[in-house]
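Note sheet for the following structure.
Sequence lines set the chain letters: A, B, ... in the order given, protein chains first and strands last, and positions in each chain run from 1. Computed from heavy atoms alone, side chains included, the values below leave out hydrogens, waters and symmetry copies.
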Amino acid sequence: MGHRPRRLPTALPRPGALAAFVLLLAAPVAGPLQRSVGRAEDLPPPPTAAPATGATSATVTATFKGTETCVRCHRSEQGEWTGPATTLHWREDAHSRAHLALTPTNERTAAIERVLGIEARRTRACVACHSHSSAEPAVTEETPLLHAGISCETCHGASSAYLEPHAAKEWRFLPTEKKSSFGMHDLRSPSVKAANCAACHVGDIGSGRLVTHAMYAAGHPPLRPFEVESFSAALGPHWRRIEAKPEQVRAEAAAAGYRTEAAGPIDRSLIEGLGVLRQSVRLAADLAAVAEGETPQVSWPELSLHDCRACHHALILPSERQALGYRRHVPGRPTLPRWPLGLAGAALRSTPDQPAVDDLLTPLLAEFDAVPFGSPRRVVVAAKGPLAGIDAAIATLTPGRAPGDEAGDRAAIEALASAGAAADDIDAARVVAAALLPALATSPTWGADERRDACDRIAAILGLDPAGMSPGSHRPAPTATPDIRAVRAAFILPAPTAAR
Amino acid sequence: MRRQEQTGWGGLAAMGFVLFAAGMELARTATPEPPCHLEPPCPLESRGEGEVCPTGPVDESMPGGAMPSRLGVASCSASSCHGGPKGTNHAVSTFAATLWMERDPHARASEVLHSGRSRRMAELLGIGPAHQAHRCLVCHSMADLSPTPLPDDLVADGVGCASCHGNPTAWGSEHTLDAWKRMGREERAALGYRDLSTPLDRVNNCTRCHVGDAEHDVDHALIAAGHPRLVFEFAAYQKRYPRHWRPAGRAEVGTDFKARSWAVGQAATLAATARLLEARVSDPPARATSAVPGGRWPEFAEFDCQGCHRSIASVAPPSVDAVRPGWSAIGTPAWQPWTQAGGALLSGNSADGDLDAGLADLRRLLERHWGPADQTRRGRVRLQARALAGAAARRAEALEALDEVDLDDVATKIEALVAEGGPGIGSWEAAVQSVLALEAVLDGGPAQLGNTERNDVDRHLEGLRESLRYPPRQETPPTLRRSDFKRLRATVP
């Protein structure tokens with residue numbers, strides 16, 4: 001296992017098309033977000049400090065070098081981190097094929113192209129999420145990058161600055177803040193990871209990633225509610241957490257004072273839940289800001305900002321929508337998506353001195369009560385409080401707890417169960433369950449039979465695999481929605497009575 | 001109202017259409033009006049000028065002074081006035097109130113506010129008990145006629161006599177006098193009495209609640225809380241309305257009465273719809289302190305329900321054909337498809353460019369820009385709504401003034417729609433409006449069809465209706481089977 005990192009050849013063939021990483025859909029908002037990062041010859045020390053948390057690719061101006069440059073090292077059949085757990089596994093990851101969805105032979109894509117009158121491969125709004133060459137100001141030809149799907153650099157950051165330095169032996173145990181300053185995303189941080197996923201899976205104005213309502217109406221599949229931990233586990237991880245790495249590596253890390261992930265699995269889920277909600281709120285604020293701009297590039301309302309089910313529900317009697325109630329809001333006015341609220345709500349419940357998620361969002365949601373779709377000018381302002389509140393909660397949870405903190409784990413599990421038992425949205429309940437089930441299944445607090453019964457009950461009513469939620473198991477199915485009251489009841493956990 | 005409560009959200013027209021309760025032809029049996037047989041003779045007939053109505057003087061102790069007590073049905077339904085016993089040997093007017101109380105759902109309009117569904121609605125809206133909420137009572141009682149809250153017993157009257165015949169404060173006593181008989185339509189109207197002889201008089205009365213206006217508004221919040229949507233077609237409503245008057249001597253004897261009712265009804269309904277749109281888009285900001293452009297626009301109740309309330313469960317790729325015809329921008333709902341469908345059948349009926357152009361302009365405007373952000377666009381909607389309302393109202397008056405209304409060109413238009421499979425027939429709203437128009441065309445006058453033919457026609461119409469019936473307990477219309485429509489239409493002469 002003593003495979004050594006290799007230095008990269010000094011003269012790399014450069015990919016022909018270098019993508020300047022700027023936004024696509026909404027050009028005017030890009031300017032202030034661009035930032036220079038260090039270059040390879042500056043190591044060490046890195047010249048510019050970039051934000052270490054909440055960073056998405058939009059916070060730096062760096063260029064993509066292409067997957068080919070990564071594969072050169074990260075394709076070995078053996079080896080500790082250059083081995084098969086990287087590119088080989090990544091090839092099985094559906095993200096590597098994201099660009100194939102844009103080919104005209106894809107029936108759905110062809111239909112969307114026809115309805116919208118576009119050519120997907122040359123449309124920035126499509127390429128932005130389906131390939132990392134999204135930054136091309138105008139996609140005029142099929143560049144090599146367009147063939148790469150969502151590749152290494154989409155998640156890890158454009159590599160022009162860190163490509164050479166990160167091959168150096170001393171890179172490995174550099175502080176994450178330093179690595180981030182070279183444009184490499186700190187994906188071991190749950191909040192960074194959540195922001196990274198949510199940039200496409202929720203939307204991000206800064207990088208031009210937005211599935212508009214017109215795109216949905218033309219046939220784009222709904223973006224599915226997701227729970228970051230179970231989704232990334234289901235993709236087939238091409239990484240190992242530090243605690244799963246060989247003893248020698250852990251010893252070296254400890255000797256170097258390298259910070260390992262502080263948060264345990266439950267807390268990671270909770271922080272990521274807050275991160276996803278943060279992205280949802282930020283999307284509303286950013287879109288409103290663009291719509292309010294001098295030369296608005298988007299129209300307001302942009303319906304995709306809102307909860308799909310606020311409108312897209314069956315009109316049947318007795319009404320399922322009315323049975324859910326409107327929670328003090330004006331009936332019949334679309335609000336923000338409800339599905340991120342369950343897990344984020346559990347995170348706030350499990351954290352001392354935090355408001356309930358509904359209370360935290362009240363100033364923002366009140367805007368969608370006051371006027372249908374809200375007034376963009378006021379939405380920009382009203383989102384600030386909730387964003388600060390979410391950041392504060394993330395900061396509180398991030399330091400993590402001591403391993404083996406059974407009481408803390410139990411409190412987190414109970415917070416998740418309470419959030420499920422109060423859910424007013426079936427997808428919110430599913431996301432909560434995705435975080436809850438793995439934690440509950442292994443909790444020593446409840447007896448084996450109790451745990452299994454509770455997990456089976458929750459999984460059965462939500463149509464989930466008891467092991468958790470995976471992308472495939474979670475299609476929106478509004479026509480076969482389980483009764484929300486039965487769902488809530490399933491989340492009520494028994495008092496732990498059996499042996500610990 | 002009761003029927004609505006039992007059957008769902010379809011609105012009375014849809015319900016009447018879908019369920020098709022047997023027509024209540026109440027007054028068919030009436031013979032030429034005999035003299036009043038009451039003993040002593042009814043004081044309505046014999047009192048001299050200046051005498052006071054036997055229903056009693058106004059009650060000044062009532063809240064709001066004289067108004068509420070006079071509003072009550074009891075003011076009209078004394079047994080010696082309009083509340084006498086039913087019978088064939090005296091005038092229908094002597095037992096009109098009796099019939100009304102017995103048969104007319106409007107008499108129970110306020111009762112429905114005590115139902116479980118109404119209680120749930122009020123709870124979701126946070127407006128207190130429904131039977132005390134002004135918002136509900138303006139349509140479910142005569143509260144809109146009173147400047148002060150109605151006492152409970154008047155609320156219990158439902159949509160009473162005064163709602164249609166006019167606030168009787170200034171004519172309640174006077175209409176029993178001989179002088180009343182010598183007064184013309186205008187003099188009576190000046191006292192607040194509404195003459196309801198012609199279809200135009202009637203439809204303008206109905207649309208206040210059944211379409212809505214600034215004060216009577218079934219908006220999306222109400223619907224989201226559980227109120228049935230409003231779907232109004234005057235001729236169908238009138239046909240199914242339990243009559244409490246004798247048609248003889250009224251406009252109803254004309255052979256073109258039903259055709260006239262349909263055409264005037266469509267034009268006046270379109271005018272009311274446009275007026276409501278103007279009111280809604282003009283609604284002042286919810287918060288006076290802010291630059292918020294309008295507190296309620298876009299008002300979702302202006303738009304096609306199915307435009308938004310459609311399943312997203314389907315994973316099948318869409319096709320261009322699946323995009324609903326007439327959509328200007330993909331993913332935006334159509335404006336008032338029900339009224340538009342009716343208007344499309346009516347417009348072009350005679351040369352009236354204003355109406356056609358007004359409909360097309362408004363539709364283009366609303367289906368492209370319906371967001372709240374732009375004051376200028378809302379101003380344009382307001383202006384165009386006003387123009388359309390004016391054009392449609394003029395059209396209704398012109399139709400009413402015609403010596404004879406025939407719907408031959410409407411029938412031709414439907415033929416063309418069905419034959420071509422044009423986009424207009426592609427929606428449930430267009431199909432139902434077409435069926436209702438066919439009914440009006442075929443109803444013509446009473447003597448046009450023999451009994452056998454009439455039965456055939458009714459059977460085929462029932463088949464058409466059947467193909468458009470909502471699935472049980474659902475408010476989502478069935479997928480229209482165009483072939484069925486064609487086949488059934490082909491069998492209708």
Minimum-distance pair of heavy atoms, taken over all atoms of P334(A) and F300(B)
CD-CE1, 3.4 Å

Give the member of C311(A), P318(A), G332(A) that has the highest number of heavy-atom pairs under 4.5 Å with chain B.
C311(A)

Can you confirm whether more than 12 heavy atoms, excluding those of R327(A), are under 6.0 Å from its CZ atom?
yes

What are the two closest heavy atoms between A225(B) and P331(A), and how far apart are they?
N-CB, 4.2 Å

Okay, A110(A) and chain B: the region with an atom under 4.5 Å from a heavy atom over there is neither

Could you tell me the separation between the CG atom of L315(A) and the OH atom of Y470(B), rounded to the nearest 0.5 Å?
8.5 Å

CZ (R380(B)) with more than 12 external heavy atoms under 6.0 Å:
no

Checking A323(A) against chain B: side chain, backbone, both or neither under 4.5 Å from a heavy atom?
backbone

Heavy atoms only: give me the nearest F373(A)-P298(B) pair and the separation to one decimal.
CE1-CG, 3.6 Å

Kindly give the heavy-atom pair with the smallest separation between L124(B) and G325(A), and that separation in Å.
CD2-CA, 3.9 Å

Please confirm whether the ring centroid of H313(A) lies under 6.0 Å from the ring centroid of H309(B).
yes

For L125(B), is there any backbone N or O sitting under 3.5 Å from a side-chain donor or acceptor partner on Y326(A)?
no

As an exercise: rank R333(A), H329(A), R321(A) by heavy-atom pairs under 4.5 Å with chain B and give me the winner.
R333(A)

